[in-house]
Enquirer: 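Got a structure for you, questions after.
The model shown is predicted, which means the values in this text are computed figures rather than measured ones. Just so you know, these numbers use all the heavy atoms, side chains as well, and skip hydrogens, waters and symmetry mates.
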Amino acid sequence: MIRNNWTRDEILEIYETPILELIYRAATIHREYNNTAEVQVCTLLSVKTGGCPEDCSYCPQAARYHTDIRIHALMQTEEVLAYAEKAKQAGSTRFCMGAAWREIRDNKDFDRVLDMVQGVNAMGMEVCCTLGMLTDSQAEKLAGAGLYAYNHNLDTSPEFYEEIITTRTYTDRLNTLNRVRKAGISVCCGGIIGLGETHSDRINMLLTLATLPEHPESVPINALVRIQGTPLQDNPKIEIWDMVRMIATARILMPKSMVRLSAGRTEMSVSEQAFCFMAGANSIFAGDKLLTTPNPGFEEDNAMFSLLGLTAMESFKNGRRQSETTLEHSI
Ligand code: SF4
């Protein structure tokens, strides 16, 4: 049963279950709701990199930190579409475009992003964007262009948020998510572990996600990638069992959502990733870059899929294309 009325005590009880029992419980629920042999392969491209006015302590793209990322203005539409085509040929069915903006502005750059969305949608891929905060009318324009999903992570618990980001609030985040939902775009929202949060913070973040009026269709679980020059560069590496515990708890709380094993895979062995799939992860990001951080390449992932007997999920498996929805509404 899909529930949005989880209590903190219930989540605590799940989260603290001994790890092997927790994996078993999550795997059982995963089998009930999803085809466990299928994993969605997504590609994430940074279409505008660096120079961001925000202060997210984990992010090399914040202008105030001195990192060695290659800053670039918004890419040309043709370049982005060529990259999307390459990702599609390599087996990706979802293409996500990220721009290091605090919020969308109504200008030529936004018009160009709308063209990119239209172009990727026309290729038959699920198209997702992560562009910062937006207004109702911008969300509607994105939906009209065929945007399938919008990524906007909560990152951590409401209580710990201010320790990680001071340039916006948790409420700002939730308001953006509401606008995305209202425009009929599916929601991609998760968090990062390894920021220095406690187990209690992790539970509170999961509580926020699992008690939203509708669960996010996609829940990325990221392990912090420690980047030289950011305030969190010296944080300790996250243990694999912490990732598995988060994924398994998310799977039990939000059985139908795509739970994405996101950043941090380059530091995980195939066996460690296998535990994550067993615990309910059913999506990965493929391609050698995840925005600006390293990620396993397509070939490595294909070899892992073949070893583990996994297949790539086709697009729009869990929903319909924006154009179909719009069409239906207008009839
Ligand atoms: S995570 Fe996004 S909003 Fe935060 S600094 Fe990086 S690019 Fe900017």
Side-chain angles (χ1 to χ4, degrees), residues 4 6-17 22 52-62 64-65 67 98 100 102-103 130 132-133 151-178 180 187-212 215-216 218-254 257 259-264 267 290-291 293:
N4 301 70
W6 292 99
T7 66
R8 194 181 184 285
D9 283 349
E10 284 175 313
I11 300 178
L12 177 70
E13 185 269 322
I14 296 168
Y15 185 88
E16 288 187 335
T17 305
L22 178 60
C52 182
E54 301 285 77
D55 70 349
C56 311
S57 331
Y58 51 81
C59 181
Q61 301 199 63
R64 65 194 73 201
Y65 309 139
T67 62
R102 170 179 163 77
E103 71 241 305
T130 180
M133 293 183 265
N151 165 268
H152 203 63
N153 288 333
L154 287 175
D155 291 340
T156 188
S157 69
E159 299 74 19
F160 191 59
Y161 199 73
E162 279 178 20
E163 302 292 319
I164 299 300
I165 299 141
T166 65
T167 46
R168 55 170 190 264
T169 65
Y170 215 69
T171 310
D172 290 332
R173 280 324 246 188
L174 292 169
N175 288 342
T176 298
L177 292 171
N178 279 337
V180 168
V187 170
C188 174
C189 180
I192 310 174
I193 61 169
L195 302 173
E197 74 289 341
T198 60
H199 289 289
S200 174
D201 288 314
R202 293 179 191 171
I203 290 164
N204 289 348
M205 179 184 80
L206 289 169
L207 174 67
T208 310
L209 291 170
T211 56
L212 286 171
H215 294 161
S218 157
V219 180
I221 305 289
N222 296 278
L224 174 71
V225 178
R226 298 157 299 162
I227 308 287
Q228 224 36 42
T230 62
L232 303 186
Q233 62 175 26
D234 297 323
N235 275 23
K237 178 177 178 283
I238 272 296
E239 292 295 327
I240 185 63
W241 302 116
D242 286 351
M243 274 302 272
V244 172
R245 193 172 286 287
M246 280 300 282
I247 288 169
T249 310
R251 170 54 65 216
I252 293 168
L253 299 176
M254 297 168 276
S257 301
V259 176
R260 282 180 215 288
L261 168 57
S262 304
E267 294 196 75
L290 207 55
L291 290 177
T293 58

Enquirer: Compare every heavy atom of Q233 with every heavy atom of I227, then report the nearest pair and how far apart it is.
Expert: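 Heavy-atom minimum between the residues: O-CB, 3.3 Å.
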Enquirer: Are the side chain of E16 and the backbone of E13 linked by a donor-acceptor contact shorter than 3.5 Å?
Expert: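 No.
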Enquirer: If you compare all heavy atoms of S218 against all heavy atoms of C188, which two are closest, and at what distance to 0.1 Å?
Expert: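 Residues S218 and C188, closest heavy atoms: OG-SG, 3.1 Å.
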Enquirer: Looking at every heavy atom in both T176 and H152, which two are closest together, and how far apart are they?
Expert: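 Looks like CB-NE2, 3.4 Å.
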Enquirer: For V225 and A263, which heavy atoms make the closest approach, and how far apart are they?
Expert: CG2-CB, 3.9 Å
Enquirer: Mind running side chain to side chain contact (heavy atoms under 4.5 Å, CB included) on T67 and Q61 for me, showing each step along the way?
Expert: CA-CA 8 Å; T67 62; Q61 301 199 63; over 6 Å; no
Enquirer: Can you name the closest pair of heavy atoms from P231 and S57 and give their distance?
Expert: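 Closest approach of P231 to S57: CD-O, 3.1 Å.
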Enquirer: Testing I203, D155, T156, L224 for side chain to side chain contact (heavy atoms under 4.5 Å, CB included) with E197, which one passes?
Expert: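 Per the side chain to side chain contact (heavy atoms under 4.5 Å, CB included) rule, the option paired with E197 is T156, out of I203, D155, T156, L224.
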Enquirer: Would you check if M246 and L206 make a side-chain contact, meaning some heavy-atom pair closer than 4.5 Å?
Expert: yes
Enquirer: Any side-chain heavy atom of E162 within less than 4.5 Å of one from Y170?
Expert: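 Not in contact.
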Enquirer: Under 3.5 Å, is there a donor-acceptor pair between the S157 and N204 side chains?
Expert: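 N204 and S157 do not have a side-chain donor-acceptor pair below 3.5 Å.
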Enquirer: Quick one: pull up CH2 in W6 and CG in L207 and give me the separation to the nearest 0.5 Å.
Expert: 11.0 Å
Enquirer: Are the side chains of R64 and T167 in contact, using a 4.5 Å heavy-atom criterion?
Expert: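 They are in side-chain contact.
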Enquirer: I need the L177 CG to L154 CG distance, nearest 0.5 Å.
Expert: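 Reported value, rounded in 0.5 Å steps: 5.5 Å.
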Enquirer: Measure the spacing between CG of D55 and CZ of R168 and express it to the nearest 0.5 Å.
Expert: 8.0 Å
Enquirer: At their closest point, which heavy atom of G196 faces which heavy atom of N235, and how far apart are they?
Expert: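 Heavy atoms only, the tightest pair is N-ND2, 3.7 Å.
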Enquirer: Side chain to side chain contact (heavy atoms under 4.5 Å, CB included), that's the test. Do Y58 and I164 meet it? Break it down for me.
Expert: CA-CA 8 Å; Y58 51 81; I164 299 300; 3.8 Å; yes
Enquirer: Would you say the side chain of L22 lies within less than 4.5 Å of the side chain of T249, judging by non-hydrogen atoms?
Expert: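 Contact flag for T249/L22 side chains = yes.
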Enquirer: What's the spacing between I238 CD1 and N222 CG if we round to 0.5 Å?
Expert: 11.5 Å
Enquirer: Ion pair present between E267 and R226, side-chain N to carboxylate O less than 4.0 angstrom?
Expert: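 R226 and E267: salt-bridged.
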Enquirer: Go through the side-chain N and O atoms of R8 and T211 and say whether any donor and acceptor fall under 3.5 Å apart.
Expert: no
Enquirer: Report yes if some heavy atom in the side chain of L209 is under 4.5 Å from a heavy atom in the side chain of C189; otherwise report no.
Expert: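 L209 reaches C189 side chain to side chain.
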Enquirer: Would H199 and D242 satisfy side chain to side chain contact (heavy atoms under 4.5 Å, CB included), going step by step from the backbone distance to the final call?
Expert: CA-CA 9 Å; H199 289 289; D242 286 351; 4.3 Å; yes
Enquirer: How long is the gap from CG on D201 to OH on Y161, to the nearest 0.5 Å?
Expert: 13.5 Å
Enquirer: Check salt bridge (Lys or Arg N to Asp or Glu O under 4.0 Å) between R102 and all other residues, then give those that pass, not counting sequence neighbours.
Expert: E54
Enquirer: Is the shortest heavy-atom distance from the side chain of C59 to the side chain of T230 under 4.5 Å?
Expert: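 Not touching, per the 4.5 Å side-chain cut-off.
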Enquirer: Walk me through whether M243 and I193 qualify under side chain to side chain contact (heavy atoms under 4.5 Å, CB included).
Expert: CA-CA 8 Å; M243 274 302 272; I193 61 169; 3.7 Å; yes
Enquirer: With E163, which residues qualify under salt bridge (Lys or Arg N to Asp or Glu O under 4.0 Å), at least two apart?
Expert: none
Enquirer: Would you give the length of the straight line joining atom CD1 of I247 to atom CZ of R245, rounded to the nearest 0.5 angstrom?
Expert: 12.5 Å
Enquirer: Do L212 and L174 have side-chain heavy atoms sitting under 4.5 Å apart?
Expert: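 Yes - at least one pair of side-chain heavy atoms lies under 4.5 Å apart.
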Enquirer: For atom CD of E159, is the number of surrounding heavy atoms from other residues, nucleotides or ligands below 6.0 Å larger than 12?
Expert: yes
Enquirer: Would you say the side chain of I221 lies within less than 4.5 Å of the side chain of V219, judging by non-hydrogen atoms?
Expert: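 Yes, side chains in contact.
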